[in-house]
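Shown next, in structure tokens, is the structure this report addresses.
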Amino acid sequence: MTDLSDFPITQKWPAKDTSILQLYSFPTPNGVKVSIALEEMGIPYEAHKVTLSDADVKSPEFLSLNPNNKIPAIIDPNGPDGPIGIFESGAILLYLAEKSGKLIGETASDKAHITQWLMFQMGGLGPMLGQLGFFSKFAGSEWEDKRPQQRYIDEAKRLLSVLDKELEGKDWIAGDYSIADIAIAPWLRALDFYGVKELVGWEDRKNLVAYLDRFVARPAVQTGLVTPPRD
């Protein structure tokens, strides 16, 4: 068995099998990216539920792996130079794709094309839709000044239009199914949770509607979306 004692997080979330990848996550749009990728790639892993409460994400044990106190994070006991810990969902997706040789394309050009859409999600789609959720469903929705909310409604519409246009005549965003789709689609799914589909004109974006349906129909996605379970 691999020794993971150098990772303090294992004191709070002990590994049952230290020979396989350890996932520390919660089923949010960012969290499920990694569980879906692991399922799609067929990488054995053990999932630990890390709630969004301060008791978990701001615990010394979790911060020892991710000082930014956000899920997801992983420990790979079979890293390139021994056990390795990684945080940030986009970085984890790239690491897993390169480790497995899957969902990253066949050529350097493929990888570059996939990576650009992964970065589109990381730098634009995720943060902007997250802010839209804050100002539409959570505390920001109570603010009398609706200009911040409108800013994110407008930006969400713009980003969704970019995706809808790109998907014209295509099943997946960068050619074959890839980690870019695993990054993007969970955030599109979050629009329903935030209750903003009508605000952003979701039903008029036929390419996106079909795209998300294809994504959710995948067996690995269905498993990843509930891993680790909320309850």
Side-chain angles (χ1 to χ4, degrees), residues 25-36 49-58 62-63 66-73 87-93 116-168 170 172-174 179-216 221 224-226 230-231:
S25 191
F26 195 73
T28 66
N30 282 333
V32 299
K33 293 177 194 174
V34 180
S35 51
I36 290 170
K49 183 174 74 172
V50 179
T51 72
L52 306 184
S53 69
D54 286 356
D56 277 358
V57 294
K58 292 187 178 179
F62 189 76
L63 291 173
N66 184 0
N68 195 36
N69 67 271
K70 304 291 183 183
I71 59 93
F87 65 90
E88 282 295 331
S89 59
I92 296 171
L93 287 179
Q116 74 180 358
W117 284 106
L118 173 62
M119 295 301 113
F120 171 88
Q121 184 279 307
M122 295 294 297
L125 189 71
M128 295 301 104
L129 296 190
Q131 293 292 341
L132 176 60
F134 175 81
F135 284 105
S136 300
K137 179 171 182 170
F138 299 112
S141 64
E142 301 172 3
W143 295 9
E144 291 184 12
D145 186 349
K146 296 303 179 185
R147 286 174 296 180
Q149 182 194 50
Q150 191 60 51
R151 172 196 173 10
Y152 292 110
I153 291 172
D154 292 344
E155 183 63 3
K157 287 180 175 179
R158 187 189 72 79
L159 292 167
L160 294 175
S161 293
V162 171
L163 286 172
D164 195 59
K165 182 177 180 180
E166 184 68 22
L167 283 164
E168 182 67 37
K170 296 162 60 175
W172 306 110
I173 197 66
I179 57 172
D181 301 295
I182 293 174
I184 290 169
W187 276 101
L188 300 179
R189 188 169 172 268
L191 294 171
D192 188 43
F193 174 73
Y194 293 147
V196 296
K197 278 188 167 181
E198 187 173 349
L199 279 177
V200 299
W202 174 256
E203 295 302 329
D204 295 330
R205 304 177 190 281
K206 301 303 182 184
N207 295 327
L208 284 183
V209 171
Y211 172 72
L212 187 56
D213 287 345
R214 281 192 295 275
F215 180 77
V216 174
V221 171
L225 286 173
V226 293
R230 287 178 174 265
D231 300 321

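Computed from a predicted structure; not experimentally measured.
When all heavy atoms are compared, the tightest approach of G90 to L118 is O-CD2, 3.9 Å. Listed here is the closest heavy atom pair of W187 and G130: CZ3-N, 3.8 Å. When all heavy atoms of K33 and L93 are compared, the pair lying nearest together is O-CD2, 3.7 Å. Residues A180 and I173 approach most closely at CB-CG2, 3.7 Å, considering heavy atoms. Contact between M122 and S89 at its shortest, heavy atoms only, is SD-OG, 3.7 Å. The two atoms that bring W202 and L188 nearest to each other are CH2-CB, 4.1 Å, heavy atoms only.
Between W172 and F215, some side-chain heavy-atom pair lies under the 4.5 Å cut-off. Side-chain atoms of D164 and Y211, non-hydrogen and from C-beta on, never get closer than 4.5 Å to each other. No side-chain heavy atom of V57 sits less than 4.5 Å from a side-chain heavy atom of T51. Between F26 and I71, some side-chain heavy-atom pair lies under the 4.5 Å cut-off. Using a 4.5 Å heavy-atom threshold, the side chains of R205 and K157 count as touching. Residues N68 and E88 form a side-chain contact, since some pair of their non-hydrogen atoms from C-beta on lies under 4.5 Å apart. Side chains of V34 and I182 form no contact here, defined as non-hydrogen atoms less than 4.5 Å apart. At least one side-chain heavy atom of P72 sits less than 4.5 Å from a side-chain heavy atom of I92.
Applying the salt bridge (Lys or Arg N to Asp or Glu O under 4.0 Å) test to residues at least two apart or on different chains, the pairs with a partner in residues 135-149 are D145-R147.
Remark: L160 CG to L129 CG distance equals 6.0 Å, nearest 0.5 Å. Note that CD1 of I36 is 13.0 Å distant from CD1 of I179, once rounded to the nearest 0.5 Å. With rounding to the nearest 0.5 angstrom, the CG atom of L191 is 13.0 Å from the CD atom of E198. Atom CG of L159 is separated from atom CG of L125 by 6.0 Å, given to the nearest 0.5 angstrom. Taking NZ of K70 as the start and CG of L52 as the end, the distance is 8.5 Å to the nearest 0.5 Å. Of the inter-residue distances, the one linking N66 atom CG with F87 atom CZ reads 5.0 Å to the nearest 0.5 angstrom.
Using a 30° and 60° split on the angle between ring planes, F193 and F138 fall in the tilted class, from 30° to 60°.
Looking only at distances, no side-chain donor or acceptor of R230 sits under 3.5 Å from a matching main-chain atom of K49. Between the side chain of R189 and the main chain of L212, no donor-acceptor pair closer than 3.5 Å is present. No donor-acceptor pair under 3.5 Å is formed between the side chain of S136 and the backbone N or O of G133. For D54 (side chain) and K58 (main-chain N/O), no donor-acceptor pair under 3.5 Å exists by modelled atom type. Side-chain atoms of Q121 never come within 3.5 Å of backbone atoms of I184 as a donor-acceptor pair (strictly under, hydrogens ignored).
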List the steps, then state whether side chain to side chain contact (heavy atoms under 4.5 Å, CB included) holds for Q150 with E155. CA-CA 8 Å; Q150 191 60 51; E155 183 63 3; over 6 Å; no

Trace of the side chain to side chain contact (heavy atoms under 4.5 Å, CB included) decision for V32 with V226: CA-CA 8 Å; V32 299; V226 293; over 6 Å; no

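The closest side-chain donor-acceptor pair between W117 and D181, if any, does not fall under 3.5 angstrom.
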